[in-house]
Structures are given as C-alpha cells and as structure tokens.
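Take a look at the structure set out below.
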Amino acid sequence: MTTVRAPGVWKRSANLRVGFLYLLPSIILFAVFLFYPMIRTIYLSFFLTDQNGNAAVNVGFENYSYLLTSPAFLNSMKATGLFVLYTVPVGIILALFFALLANEKLKGIGFFRTMYSSTMGISVAASSVIWLFLFHPSVGVFNRILLVLDLPQIQWLLDPEWALISIAISTIWMNTGFSFLILLGGLQNIDEHLYESSRIDGAGYFYRLRRITIPMLSPTLFFIITISLINAFQTFGQIDILTKGGPSQSTNLIVYSIYREAFINYQFGTASAQAVILFVIILVVTLLQFKLLERKVHYQ
Amino acid sequence: MKKVELIDVSKSYDKQVDVISNIDVTIEPGEFFVLVGPSGCGKSTMLRMIAGLEEITGGIIEIGGKRANHLSPDKRDLSMVFQNYALYPHLTVQQNITFGLDVKKVKKAVQAERANEVAEMLGLSDFLKRKPRELSGGQRQRVALARAIVSEAPICLMDEPLSNLDAKLRAHMRTEIRRIQRKLGITMIYVTHDQVEAMTMGDRIMILHEGKIQQVGKPIDIYNYPANPFVATFIGSPPMNISPARAVPTKSGIFIEDTIHVPMNEEQVAASSARSLLAGIRPEHIKPIVTGTESGNRIQVEVTNVEILGNETVFSFQVGQREWMAKWSGQWDIAIGDQVPILLGSEYFCVFDEETGELIRKPEGLEHLSIAKEVII
C-alpha cells in the first residue's frame, strides 16, 4: 500500500499564486501611484524638509501641533467646512430635481438629458475661465443683471464675504452634470410596474416620490452623497484659477493650502501633515456616513 | 361586482397599424373571464387598456355601465396583479398590502385589521413583518394577491400571475385563485398564455390572436367546437391534428390525402365546394381497432414517436406532409417504427374553410358524460 502524501506548500498555494499574477498589474500601479506616495506623505509629515522635499529634521508631532494652533490652517478648515455645506446639499438637490424632470417620458427629452449632463464634459479649467467672465465686476453677466434690476453691485470674487459663495456656485454648476447622470441612471432602474401599481391605487405624484422614488433611489443617493462630499473636500482647480485662495484667505480651501505650503513655500513637512489631516477627516466623514445613513438605504 | 364592456375597442401605437382591433365583448359581473393567446397577441395590452395604463385609440370601454375611456386608473374601481408582482422591495409585507389603503387615507387601525384578515385568508400571517426579498416566489405571489384583495375593488385584473411559479405551485394557486374569486364574487379578468389555465379557471375564455378575437365562449364549447384552425390547435394538448382536404361531391364528403373519407351532409358539401379545406380531429378521437370496433376509416400508420404518460399513451405518425398525434388511454406497448392500425371516427372531424378559417362541419357524437345518467348506485 502506498501512502498518499499531502501536497506541499508550493502545490497548495497554486491558486493563490495564479490569483496574485492576475492582480500584479494593478498592484504595481497602485503601489507606484498610491501606496508609495501615501506612505511617503505620512513619513514626511513628521519631518522638516529642505527645498527639494527631502527629510531633514525629525520633529515628531510638532508639524501637527503647529497646524492645529495655526489661525491660517484653522481658517482654511473652516472655509472648507463651509464650502462643503454650500455645495453638497444644494448640488445634490439640484441634480435630483433635474434628474426627476429628465426622467419624464416626453418628446425630445434626450436633448435635455444631454444638456443637463453636459457639464461633465467640460474641464474644470475651461469652465472656470467662463465663470471668471461671468463674475467679472464690470462686464460680467451677473452684475449686468443686477444693474438692470436696480440692485447693488457685488464684487463676486473680490469681496471676502462673497468669494466663497461665488466659488461654491461655480462648483455646483460643474458637479451637477455628474450627479445628474448618476441619479438619472438610478431613476431609470426603478421598475415601471411599481409606479403603475401605485397609480391603480390612486397615489399622487408627491406620494409616489416620497414612498417609492426616494426609497428606491436611496442606494444611488447614498453613493452620490459620498462622492460629492469627497469631491468637495478636494476642490482645487477652480480656486487656483478664480481666486488663488484670496481675498484675505477666504477661499483658501485645504487642498489649495496644501499646494501653497508645498510648492510655493516649500514646506513639505507641514504640507504633508495637512494632507494627512485631510485624509483623516474624509475617512471619518465617510465612515460616519456609512454608519448613520446606510441604515436608511434599501438595497434590493 | 361590476360589468366591463368593450365596444369596438382598438389600439395602435403609430396611428397606422392596429395592434388590437374590433374588440367587442361584455364581461359579466362576478365572472371569471380569461384572455388567452400566444405571446405578442395583445392580451396584456388589452388588460392594461382596461386598467387605464394604456390609452385606447378607438372604441368605448364601459365599467359598471359608465364610460371609462378617459378615467384615470384609480377611478376605475379595480385592482391589478402584475406578472412580476410589482411588490415594493423597501416595504414590509404588511406595508405592501396596505399601500393602497394608505393612499386612500384609511385609518391605521382599519388598515392593520384588513391586512390581518387578508393575510389570514392567504396564509401570510407569519410573514407580515418580512421584506419581499425574504419570501419565496409563491409567497410573493400571495402578497401580490393580498394587495389586490385588500382593496375590495369589484374588478380584479391579473396579468399572467402564475407564470413565474413552478408547475406544482401553479396548479395549487390555480384552484386557490378560483376559490377566492368565487368566495368574494369579484369580476376577474385574467390574462394567460397557458391554455390549461384558461380551460381550468375560466367561466368564459376569449382567445386572441394577432390582436383579433378568435373565439369567446365556455371552455368546453371552445374545445368541442373551435371556431377556426387557430383555436383548434391552440386549445387542447396535444393539439388537434389538421391536414388539408379536398371535396369530392360525388362521394358526398371530403378526402384527406385521398385516403381518409369524411362524410358531410348536402348543406355542408354546398358550403365547401370549390374551396380549399382543412380537416381536423382531436388526438383522443383516433382510436385503436379492438374487437367490436365499428366500421369507419381504418388505416395502417407507421409510428414515428411514442410518449407514455402513466395512464395514457401518445404516439405520432405521418399523414401526408403533416405529423399527427393520437392519444390512447392506458399503457400501450408501441415502439417507433411499428405499423399500427387505427380508426378515425369520421363523425369527430371538424372541417374548416382554409381561407376564412370558418368552421363548416362541427364534430358530432362527442361523449358528454353525466353522473345522473352513467353512475349506477
């Protein structure tokens, strides 16, 4: 009688090795462009650096303690928080409104669907330049309209009170296309029979919206809220073009502040520390969202 | 319990081709009316037109004696069960059942009471707190049914409600739906593509084909006297055997493939002369030749396929270009390739006009058994 030997480690791990091979391309990409920069950022946040971004002096948590007491950083945290509050709810409600409109079966609705989602196809830089003209104090359309209506002029991008709101308006416009498209997709996925059944029961439009559409759309809404929040925290392009963080730091959002710290002031240590703080904030917000909101989401 | 009347109803999507045309039918109060036809014949569209989910392009729909062409679905006093049940996946069974009551602002206590009542009737009491996805197909079907019943609407529409169930459950639900309909006395309009469902459930059935009524009547009358070859082959399993036939006036009758003679009376001969004809016979009317068999069309056929279904045997054979089937009761020891002598009782033949489809000769001598006459106590 021959005894059957248990297969060796090499043989038993065959599946694992094959699986790893399939993953290898993305692991390499992620490692080079994500994991390495991330670890490097965390590492640098504990150092003072020279102008080339090489670690010079280990300062432990001093970068963090400096930041958390720095009025400039606290100001940019506050601006970021306000910016998120301005853009996310309004942006999503607007996108939902457009999606509900565009979901109606009307003649030529395809045209409107294309129009509403068209902002997705415009780059941040290009649309920011357009908004620069719209916000222009003397030749801009907004001030012209205010003039016609006999209302006081607003220094949109130059007034510290208005600058953040102006940026928020342009950001909402830029992000609506994407949210609209995702929400419309979610709406179209809802089984038409549910609406027919409720029509036989005599449910009106708003009853259907409250008891069928919104609950059935909740997974999509949840997704788009998460994405919008993360996007809002990471806003950069439109600030660089429209205000450069001014006037008087009122639009110096956190990512822009990181950029300035690193590539204008060459303080890679504190810039890295800011980046780590932003990462932690986004992580916490997203986790909170999953904890609080996901309970209300109805997955099929 | 309301009457539903369709008067010359038609429907077209592009204003050129009618997908449904010339529908004239009255569905009596409390009747179980079945719309049956092959896929794409317009039966679901017709049901949706009655429900008000589709516009009518021509004709009149009357519900309870009142014109309902432009009434919205909720004003038509009806409930509907959809093929995919259309349950709200985010609501519990109880909320699903009471959805319609909630829309009508019925008091919560009354809602719960009625939901419990209906749930008990359908054996759903243990599942009221569950979500639809936690239920089996049959239970979901019952929830859909409960939702229709709880509304207490006098008319109930069902669109292929059993097509997603397995065969055993389907047979069970057939009797259950019929029992509930009798108990509540509601007018039921039931769409199906399954001729067995139509035969077993309907008080009357309507057969639709390509948007046109083929025949309306009691299931047994339709089975016995199909109005045209389509109905003859659609109702009954296996379908009626049909072959082209030729009239021979001198022999007072017609010949199928020059071998099978079907006698006809003078009137029928007159109606059929100089026209191409179709003759058909049901598989159970093709009989074995045993001792005491009366004379008739005796022919020898070669068996091409055999199926034994427990207590009956179905075999096929060629008649000219067509494959015919015979159904004999009992288990017959027949093999493929056997030569089998069979008797085609000429009185059982249906004869149709091939062009118009009109039934020229009705089958005669059909066995109607009645307990009072046959059973000896």
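What you see is a predicted model, and the numbers here were worked out from it, not measured in a lab. Numbers restart at 1 for each chain; the letters A, B, ... are given by sequence-line order, proteins then strands.
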Task: Choice from A:Pro215, A:Ser218, A:Ala203, A:Ser197 maximising heavy atom contacts with chain B below 4.5 Å - done: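 Sorted descending by pairs with chain B, the first entry is A:Ser197.
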Does a sphere of radius 6.0 Å around [atom1] in [X] hold more than 12 heavy atoms from other residues, nucleotides or ligands, not counting ones at 6.0 Å or beyond?
X	atom1	answer
B:Lys131	NZ	yes
A:Phe30	CZ	no
B:Glu55	CD	no
B:Asp14	CG	yes
B:Glu120	CD	no

Task: Value rounded to 0.5 Å, distance of NE2 in A:His193 from CG in B:Leu87 - done: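 Rounded to the nearest 0.5 Å, the NE2-CG separation comes out at 12.0 Å.
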Open item on the list: Just verifying a value: how many Å separate A:Glu192 CD and B:Asn84 CG, rounded to the nearest 0.5 Å?
Closed with: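 That separation rounds to 11.0 Å.
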Chain A contact via [X] - side chain, backbone, both or neither, heavy atoms under 4.5 Å:
X	result
B:Ser72	neither
B:Asp102	both
B:Arg76	neither

Does the side chain of [X] reach to within under 4.5 Å of the side chain of [Y], using non-hydrogen atoms?
X	Y	value
B:Arg48	A:Glu196	yes
A:Ile200	B:Asp74	no
B:Leu91	A:Arg211	yes

Open item on the list: Can you tell me which portion of A:Ser198 sits under 4.5 Å from chain B's heavy atoms? Options are side chain, backbone, both or neither.
Closed with: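 Both parts, backbone and side chain.
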- [ ] For residues A:Asp201 and B:Lys104, report the shortest heavy-atom separation together with the two atoms involved.
- [x]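 Looking at all heavy atoms of both residues, the shortest contact is O-NZ, 3.4 Å.
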- [ ] Let me know which of B:Tyr88, B:Phe99, B:Phe82 forms a side chain to side chain contact (heavy atoms under 4.5 Å, CB included) with A:Leu194.
- [x]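 That would be B:Tyr88; it is the only one of B:Tyr88, B:Phe99, B:Phe82 passing the side chain to side chain contact (heavy atoms under 4.5 Å, CB included) with A:Leu194.
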